[in-house]
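Please read these numbers as outputs of a predicted model, since none were measured by experiment. Reminder, nothing fancy here: chain letters follow the sequence lines and each chain counts from 1.
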Amino acid sequence: MTAQVPAERRRRSRGGRGEQLMVPDADFRSYHDRPIIKPPVWKVPDVPAYLYLGGTAGVAASLAALADLTGRAGLRRSGRLVAAGGAVTSVAFLIHDLGRPERFLNMMRVIKPTSPLSVGSWILAPFGTATGAAAASEVTGLLPGAGRVAGLAGGVLGPAMTTYTAVLLADTAVPGWHEAYRELPFVFAGSALAAGGGSALVAGHGDGPPRRVAVAGAALELAATHRLETAIGMSAHAYRTGRAGRVLRAARAATVAGVAAALAGPVVDRVGRRSPRRRRLLDAAAGLLLNAGSAATRWGVFDAGMATAWDPAYTVVPQRERLAAREAGDGSAPGATVDR
Amino acid sequence: MNSDCIVIQGSNMAEAHPVGFQWVMEAKRRGATVIHVDPRFTRTSAVADLHVPIRAGTDIALLGGLIRHVIETGTYFEDYMRSYTNAPMLVGEDFRDTEDLDGVFSGYDPETGSYDVLSWQYEGAEVEASAGFRDERTMVQEHEHAEIAGSGGAPFSGTPSRDDTLQHPRCVFQVLRRHYARYTPETVEQVCGIDQDTFHRLAEALTSNSGRERTAAFCYAVGWTHHTVGVQYIRAASILQSLLGNIGRPGGGILALRGHASIQGSTDIPTLFDLLPGYIPMPHAHQDQDLDTFIEFNAGNKGFWGHMDTYLVSLLKAWFGDAATADNDFCFDHLPRLTGNHSSFPTVMAQARGEVPGYFVIGENPAVGTANSKQQRLGLANLEWLVVRDLNMIETATFWKDGPEIETGELRTEDIGTEVFFLPAANHTEKDGTFTNTQRLLQWHHKAVEPPGDCRSDLWFYYELGKRLKARLADSTDPSDRPLQDLTWDYPVEIGPTGIAEPSAEAVLREINGTDADGDALSSYLEMKADGTTSGGCWIYTGVYADEVNQSARRRPGGEQDLLALEWGWAWPMNRRVLYNRASADPEGRPWSERKKLIWWDGERWTGPDVPDFPVNLSPDHRPEREDAGAESIAGDEPFVMQSDGRAWLYAPAGLLDGPMPAHYEPQESPVPNVLYPKHRANPAREEFARPENPYNPPGDHFPYVFTTFRVTEHHTAGGMSRWTPHLNELFPEMFLEVSPELAAERGLVNNDWAHVVTTRSAVEGRVVVTERAKPLRVADGSGGTRVIHQIGVPWHWGPNGLATGDAANELLSVALDPNVHIMETKAATCDIRPGRRPRGPDLVAFLADRRRAAGLEE
Amino acid sequence: MGANSWYGPLADPSADAGYGADHPERVGFFTDTSVCIGCKACEVACKEWNALPADGVAEQGAGGDVLGMAGMGYDNTGGLGASTYRHVAFVEQRVPATRSAQTDLDMPSMDLPGAVTSGEDRGDATEVRWLMSSDVCKHCTHAACLDVCPTGSLIRTEHGTVLVQEDICNGCGYCIPACPYGVIDQRKGDGRAFKCTMCQDRLGAGLQPACATACPTESIQFGPLDELRARADERLASLQEQGVTEARLYGHDQDDGVGGDGAFFLLLDEPEVYGLPPDPVVTTRDLPSMWRHAAAAALTVAATVGAAFLGGRR
Ligand SMILES: Nc1nc2c(c(=O)[nH]1)N[C@H]1C(S)=C(S)[C@@H](COP(=O)(O)OP(=O)(O)OC[C@H]3O[C@@H](n4cnc5c(=O)[nH]c(N)nc54)[C@H](O)[C@@H]3O)O[C@H]1N2
Ligand SMILES: Nc1nc2c(c(=O)[nH]1)N[C@H]1C(S)=C(S)[C@@H](COP(=O)(O)OP(=O)(O)OC[C@H]3O[C@@H](n4cnc5c(=O)[nH]c(N)nc54)[C@H](O)[C@@H]3O)O[C@H]1N2
Ligand code: SF4
Ligand code: SF4
Ligand code: SF4
Ligand code: SF4
Ligand code: SF4
Ligand SMILES: [Mo]
């Protein structure tokens with residue numbers, strides 16, 4: 001029996017959430033247009049900030065470790081401080097977002113490979129300890145040997161810090177995140193590199209590796225985000241439209257400007273009259289723009305996911321399509337994505 | 001559950017009787033067809049096989065159409081109908097039908113708006129009511145005979161003439177056929193708005209599921225009773241079911257779905273002004289009767305009513321104990337006497353006139369729950385004292401400080417002289433007792449928790465009140481205090497953990513059951529005597545304490561018993577589950593069919609899974625002798641033992657005040673004329689009340705729509721129990737109004753926005769629920785054309801107090817009553833509807849005056 | 001841990017979770033919506049038994065007043081939530097008038113009553129139907145909520161059900177978007193996540209869950225899952241036979257994306273009409289691949305940083 005769909009249940013408008021543009025011509029049915037999955041209760045800015053700070057800290061720690069090994073004291077110092085600061089603030093945001101902050105330590109009750117947040121906690125905890133110790137040694141000048149060991153440990157954990165958060169988001173039923181599980185780690189990696197490198201630029205230690213890291217990271221961030229907006233099926237729409245779309249466009253603008261500024265420094269140096277003050281200003285602007293771009297990217301990703309959680313179309317339509325494909329006999333398993 | 005077809009008409013059974021409805025669903029699982037005839041598409045319609053939308057207030061036209069269909073197509077159950085109904089009886093020559101007299105039956109007096117029912121009798125029989133008291137008939141007296149039908153038909157004596165060939169033009173069958181000849185499918189369509197196709201589907205489902213092998217049931221509740229012709233709705237169903245042979249058989253019947261928990265109990269042991277326990281009429285003051293004349297006057301001399309003397313004497317013994325002796329007529333004179341119609345509405349109007357000093361309101365919330373609730377409040381505001389016992393601070397207890405009239409300025413707190421006493425009551429989980437349900441089943445409930453604070457059970461309250469009154473009057477010599485002095489009032493008490501001395505509810509139940517000369521519990525009312533050696537508080541309940549066991553507390557799981565589950569609770573009378581079950585066997589006593597057998601004659605006695613509703617040893621070929629009385633006076637093949645002639649009545653020669661056969665009348669307020677009887681729009685015998693606060697909407701365009709008030713599962717009645725309960729309030733948090741998309745378009749109503757319904761009485765607001773479930777109907781406009789009728793659903797659970805508050809629907813209604821049982825018409829009235837909120841405060845008064853003026857009611 | 005611990009059919013999730021051979025049978029619900037009358041007794045009984053607060057739509061994030069009509073007809077609680085473990089959905093729809101249930105009346109025409117010859121003609125080929133369905137946590141064979149919970153608050157019980165341990169949950173909120181059915185949620189003002197417990201405390205005492213006990217029409221059937229599955233097959237067959245071809249089972253297939261539900265349904269329309277996902281998949285099915293992608297990306301980071309320094313030695 002094919003039911004003729006009453007008007008109320010067929011998509012007409014995004015009642016109440018008018019800000020968000022509707023999915024083009026999605027012919028689907030829902031229950032009073034209510035979300036099928038529960039939108040995350042994670043808050044803004046807590047979670048985007050946590051994502052951004054953790055990534056930045058991770059790259060900063062790695063930069064600091066290599067700086068230590070290659071004898072770049074300034075970069076080591078700024079990296080250690082950014083890493084520790086980022087780790088601590090990111091933990092603070094994480095705890096703040098908990099429904100029962102006083103039970104934060106329950107995170108350490110178990111180790112569960114099936115839970116990215118458990119894995120993440122077990123990355124974050126040693127990372128925070130290591131970078132904290134390194135920074136303490138850096139500031140106080142005490143126990144430099146131990147500081148070096150801690151710094152190196154933080155540097156090794158740093159890359160993991162940049163991408164486990166992508167799994168954290170992707171390992172949900174939120175279509176905009178789950179469908180993007182292949183791309184998100186690269187978006188976050190690029191975004192972290194841009195911000196980590198950028199933070200060294202801001203600190204005035206951007207010459208050499210940090211600038212290269214920042215520019216390469218920004219390129220990765222731009223490229224991977226572009227894939228989010230185009231290659232992940234229906235959810236891509238959420239990355240292009242609404243508030244998420246605007247935030248991501250702003251992120252891209254900031255990142256592009258940041259790259260331009262980062263590249264501009266040496267170029268200006270070469271063609272014009274050297275001016276350390278102008279150079280510093282330019283680098284600082286570049287770093288800030290890259291960091292703003294990185295933070296905005298996280299926010300945009302977060303927001304796009306939220307949009308796909310609120311709108312039942314993002315859940316229903318792809319699932320319907322894959323059911324149809326299965327019925328058409330392509331033999332795909334439940335949940336096999338047909339849109340890519 | 002045994003039914004092959006269940007027609008739910010006049011009830012929203014799934015919503016208002018969800019627990020009973022499980023058996024409808026079970027029957028459906030077993031293949032039964034479920035049909036819901038209702039103006040609204042409800043949760044009942046949702047699970048029915050067929051929903052028949054009907055214009056509110058027109059069921060007699062539909063049922064009449066079905067009666068005609070059954071007669072004309074010959075689809076009645078012929079053997080059953082001939083033997084078990086009064087089809088062959090001849091109606092007296094004086095009788096004239098509505099078809100002859102333009103819409104009234106013979107005996108109508110336009111002056112008083114009432115009938116003299118004498119001309120409706122059988123030829124050769126006399127209605128008991130007429131013997132000797134012909135000149136003194138009053139409304140109340142008539143009324144007694146309407147209510148006594150609560151446990152059987154009205155009594156009469158004599159032997160009516162009959163024609164078993166059913167050919168005589170005055171035999172009931174032919175009278176009935178002529179009466180319904182005009183109730184064709186076309187008429188049904190024009191009156192009810194039901195297309196002929198649907199009518200035929202309904203008729204087909206009903207007739208093909210009736211007969212020897214199959215049975216169909218009707219279920220109704222207040223969608224039928226709350227009309228100015230309510231009783232006749234049920235009569236119409238009785239006629240149909242009797243023709244189809246669907247009474248006294250498994251899966252048949254007309255099921256009155258009783259409302260409140262134990263509302264059935266409160267008619268058995270009545271809270272009604274005109275009945276004594278067990279449907280014995282309340283004696284009347286204007287007749288200087290003694291016990292014997294009362295009995296002679298009221299008892300039937302055929303059927304079980306023939307033993308009324310034993311019931312009444314036992315009752316008097318239960319009440320007055322040793323003081324009741326044969327010499328003093330067993331204190332018959334202690335019983336109060338009726339002096340008129342003391343039913344609820346006339347009493348409240350007397351309050352408004354300042355004629356009533358005090359009032360107990362116990363377990364009721366009339367300031368919200370009763371039609372024209374403003375009238376109720378005006379009555380309350382004019383008392384000297386008022387006692388309200390309730391679980392919550394209901395509107396009836398607070399009207400003097402925050403009622404709607406205070407808001408509009410029509411009343412001022414300082415002008416209200418009523419002294420209000422609010423006494424908190426214990427609820428059913430906080431006390432022992434019984435519930436008597438729809439199926440006449442008494443079920444015991446044990447106290448689960450102690451009542452909080454000052455809350456006390458009603459039993460405690462009355463016991464204490466009685467004790468105090470008796471103590472105060474102990475030394476009185478005033479003869480009018482004798483009844484209280486003689487009253488037995490000595491129940492054992494149990495001291496609860498909180499120190500409350502609670503009278504034993506089991507002791508009360510045992511007293512109701514009755515005891516013999518030795519003080520042992522009776523096991524059946526057949527053991528009752530008229531000589532004062534037995535006592536019993538309600539004869540139909542005798543047996544509930546048989547063998548000194550509280551039979552109502554039995555809880556053997558259904559799974560361990562057969563379908564009748566005789567060991568779950570106890571059903572009156574005598575734990576019988578299907579009334580008139582003798583009709584499940586043919587005249588010779590054999591089951592009509594194997595599939596539908598219930599009890600049968602095994603050569604010596606009636607036997608079967610149910611308790612036979614027949615003298616167990618009365619053989620099918622028994623023929624009564626002239627001098628037989630009571631049960632023996634009925635023939636062995638007359639199953640309807642509570643009826644004076646042992647037969648189901650297709651035509652009611654007595655007992656009703658508004659006609660021996662149902663005829664279609666429009667409600668008090670209707671947007672269309674009466675197509676069948678243009679001269680009589682509404683029931684000619686209805687009760688109307690001309691009072692300033694009770695104007696009736698005139699016909700015409702000012703009130704173009706029909707509204708009907710209804711219940712939802714999530715709330716209970718006037719809200720006293722549900723509006724204070726968060727878990728229910730979140731489910732239906734606000735007053736709402738159900739309208740069709742068509743009406744919404746016509747009046748500019750938007751889903752979930754506000755709108756208000758307007759009548760000459762008041763305006764009531766609610767959230768709009770626009771739903772395709774609501775369906776406009778097209779009916780005849782009375783002048784040859786047709787018009788569309790929009791029906792608005794108005795739930796009546798809200799009021800100003802509690803957590804989920806809203807306007808009370810009863811502000812909208814007028815008081816116009818069914819003459820037989822004085823019930824108000826809440827199910828069909830006219831109105832207007834407008835978008836937005838209603839005017840507030842004094843503006844409301846002005847607004848309504850405007851509307852009345854526009855409608856031509858006020859200058 | 002067996003071969004299908006993460007995904008695919010799994011006969012005995014309790015055993016998989018480490019309970020011994022003597023653990024009780026796996027129990028669950030078969031909710032037969034074809035006999036649901038929308039009375040919400042289940043919803044209220046659950047709240048009473050579990051002492052849950054009244055909430056209303058606002059609590060569940062859809063906006064609107066607490067204690068206000070939701071504008072959704074007879075549904076004013078909107079959906080499952082942290083204080084609503086059972087939720088009754090009301091689906092009003094206009095369908096072609098050839099309703100199978102009515103064919104047994106054997107009548108010539110199947111029109112909407114009154115549609116043709118009386119009333120306002122809404123087109124004679126359709127009629128209104130009103131579906132009701134009581135939703136609940138599915139107690140998935142592969143429960144994403146349980147998988148992702150970082151504190152171990154969510155556990156598999158000996159009865160094969162999924163339970164939040166309220167004394168451990170720290171309100172991280174991870175389980176909430178992980179659930180493919182949108183069941184579990186965070187309670188405002190409390191911070192922890194809540195959902196149906198399958199009345200763990202009643203099961204322990206040998207009682208049925210409160211909701212099943214309250215259901216008057218046996219729409220909610222509780223019992224050993226294997227028995228329920230067999231009963232559901234029978235019910236489906238008998239409905240199909242009666243011509244109710246739109247009847248279907250949901251969550252009954254152990255080959256589906258969550259390995260079959262511990263609470264499954266008989267529906268009369270497509271799942272999304274009732275607010276259920278048509279093809280849910282436990283998100284952790286893809287977790288290994290997610291970790292691989294994340295590792296690759298992390299290596300990219302490491303490599304990028306390393307290369308930057310290498311380049312710098314020049
Ligand atoms: N949840 C809940 N259950 C209750 C109650 C409650 O308040 N809440 N109240 C209890 C009480 S006291 C009672 S008396 C019963 C009442 O039980 P019901 O009578 O079943 O309940 P109502 O909703 O008052 O009315 C029944 C239906 O009659 C329809 N109706 C109105 N006019 C007509 C008409 O002219 N013809 C026909 N055929 N139908 C008509 C209405 O549309 C409505 O659907 O319920 C009892 N059960
Ligand atoms: N418009 C319209 N009006 C109607 C109807 C309708 O369909 N439409 N239906 C009518 C019908 S059928 C009925 S039955 C009436 C009902 O109308 P009411 O009886 O006036 O309304 P209830 O809210 O049921 O009032 C019962 C009160 O008893 C209290 N109560 C409960 N248990 C106990 C107890 O053990 N002891 C004491 N002392 N109090 C207790 C409750 O708190 C509640 O306030 O309304 C009638 N009014
Ligand atoms: S409220 Fe009580 S009487 Fe009414 S349906 Fe429920 S159980 Fe029966
Ligand atoms: S339905 Fe959702 S909350 Fe329930 S067990 Fe499955 S994943 Fe967990
Ligand atoms: S909110 Fe509680 S139950 Fe849910 S994942 Fe976090 S700790 Fe576990
Ligand atoms: S099983 Fe218990 S907790 Fe779960 S929905 Fe039913 S009543 Fe509520
Ligand atoms: S599942 Fe049962 S209790 Fe719940 S609404 Fe349906 S019929 Fe009522
Ligand atoms: Mo009632």
Side-chain angles (χ1 to χ4, degrees), chain A residues 1 3-4 6 16 29-32 34-42 62-63 66 70 98-100 103-104 106-107 109-110 114-115 117-118 121 159-160 162-164 166-167 170-174 178 181-182 185-186 189 192-193 208-209 212-213 216 309 315-316 319-320 322-323 334-335, chain C residues 61-63 72 78-79 89 92-96 126 144 147-152 168 170-174 176-180 182 185-186 191-192 245-246 256-257 269-270 272-275 277-279 281 283-287 290-291 293-294 297-298 300-302 304-305 308-309 311-312:
Chain A
M1 186 208 74
Q4 184 189 321
R29 300 198 286 163
S30 76
Y31 184 63
H32 294 281
R34 291 182 59 90
I36 289 213
I37 62 162
K38 283 276 177 298
V41 293
W42 296 326
S62 298
L63 282 174
L66 284 175
T70 57
L98 292 179
R100 285 290 173 100
R103 292 189 180 174
F104 170 66
N106 281 3
M107 292 289 190
R109 262 184 92 241
V110 289
T114 58
S115 171
L117 190 49
S118 174
S121 298
T162 63
T163 60
Y164 88 83
V167 184
D171 193 23
T172 62
V174 176
H178 186 94
Y181 75 81
R182 298 174 185 79
F186 293 95
L193 287 166
R212 288 194 282 277
V213 163
T315 302
V316 173
Q319 293 192 13
R320 271 276 147 230
R322 97 195 158 207
L323 270 176
Chain C
M72 295 164 51
E92 259 179 74
Q93 41 183 222
R94 182 154 282 281
V95 293
T126 64
D147 286 349
V148 304
C149 174
T151 63
I168 291 174
N170 69 6
C172 74
Y174 202 1
I176 294 159
C179 170
D185 206 355
Q186 186 179 48
R192 291 172 298 173
T245 49
E246 64 270 30
D256 71 13
D269 201 344
E270 283 160 0
E272 57 267 37
V273 165
Y274 300 89
D279 187 29
V281 176
T283 180
T284 39
R285 180 198 61 174
D286 298 324
L287 189 59
M290 292 179 204
W291 282 131
H293 281 84
T300 308
V301 170
T304 307
V305 177
F309 277 90

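T172(A) has its side chain out of reach of V148(C): every pair of non-hydrogen atoms, C-beta onward, lies at least 4.5 Å apart. Side-chain contact check for D286(C) versus R182(A): every heavy-atom pair is 4.5 Å or farther apart. Here the side chains of P277(C) and I37(A) are not in contact, with every heavy-atom distance at 4.5 Å or above.
Of the possible polar contacts, none joining the R29(A) side chain to the V273(C) backbone as a donor-acceptor pair under 3.5 Å is found. A donor-acceptor contact shorter than 3.5 Å is absent between the side chain of R34(A) and the backbone of G275(C). Side chain of T114(A) to main chain of D147(C): a donor-acceptor pair is present (N/O by atom type, distance under 3.5 Å, no hydrogens or angles). Side chain of N106(A) to main chain of I168(C): a donor-acceptor pair is present (N/O by atom type, distance under 3.5 Å, no hydrogens or angles). With W42(A) contributing its side chain and C172(C) its backbone, the two residues share a donor-acceptor pair below 3.5 Å. Between the side chain of R100(A) and the main chain of G171(C), no donor-acceptor pair closer than 3.5 Å is present.
Between P159(A) and A298(C), the closest heavy-atom pair is CB-O, 3.4 Å. Shown here for P39(A) and I176(C), the closest heavy-atom pair between the two residues is O-CG2, 3.9 Å. Closest approach of V110(A) and P150(C) over heavy atoms only: CG2-O, 3.2 Å. Heavy-atom minimum distance, T283(C) versus A170(A): OG1-O, 3.6 Å. Across all non-hydrogen atoms, the minimal contact from V213(A) to A308(C) is CG2-CB, 3.5 Å. Residue Y181(A) comes nearest to H293(C) through the heavy atom pair O-CB, 4.1 Å, listed as atom of the first residue, atom of the second, then distance.
Residue A144(C) does not touch chain A at all, counting heavy-atom pairs closer than 4.5 Å. Contacts between A160(A) and chain C at a heavy-atom distance below 4.5 Å involve the backbone alone (N, CA, C, O). For S62(A), the parts lying under 4.5 angstrom from a heavy atom of chain C are both the backbone and the side chain. For L63(A), the parts lying near chain C are the backbone and the side chain together; criterion is any non-hydrogen pair under 4.5 Å.
With values rounded to the nearest 0.5 angstrom, M107(A) atom CE is found 7.5 Å from T151(C) atom OG1. Atom-to-atom distance recorded for M290(C):CE and T163(A):OG1 is 13.5 Å, nearest 0.5 angstrom. We find the CD-OH distance between E272(C) and Y31(A) to be 14.5 Å, quoted to the nearest 0.5 Å. Of the inter-residue distances, the one linking Y174(C) atom OH with L98(A) atom CG reads 14.0 Å to the nearest 0.5 angstrom.
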- Task: Check step by step if side-chain contact (heavy atoms from CB on, under 4.5 Å) holds for R109(A) and N170(C).
- Result: CA-CA 11 Å; R109(A) 262 184 92 241; N170(C) 69 6; over 6 Å; no

- Evaluate side-chain contact (heavy atoms from CB on, under 4.5 Å) for V167(A) paired with L287(C), printing each intermediate quantity in order. CA-CA 8 Å; V167(A) 184; L287(C) 189 59; 3.6 Å; yes

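For the set A309(A), A189(A), S121(A), P185(A), the count of heavy-atom pairs under 4.5 angstrom toward chain C peaks at P185(A).
Under the 4.0 Å criterion applied to side-chain N and carboxylate O atoms, R320(A) and D279(C) are not assigned as salt-bridge partners.
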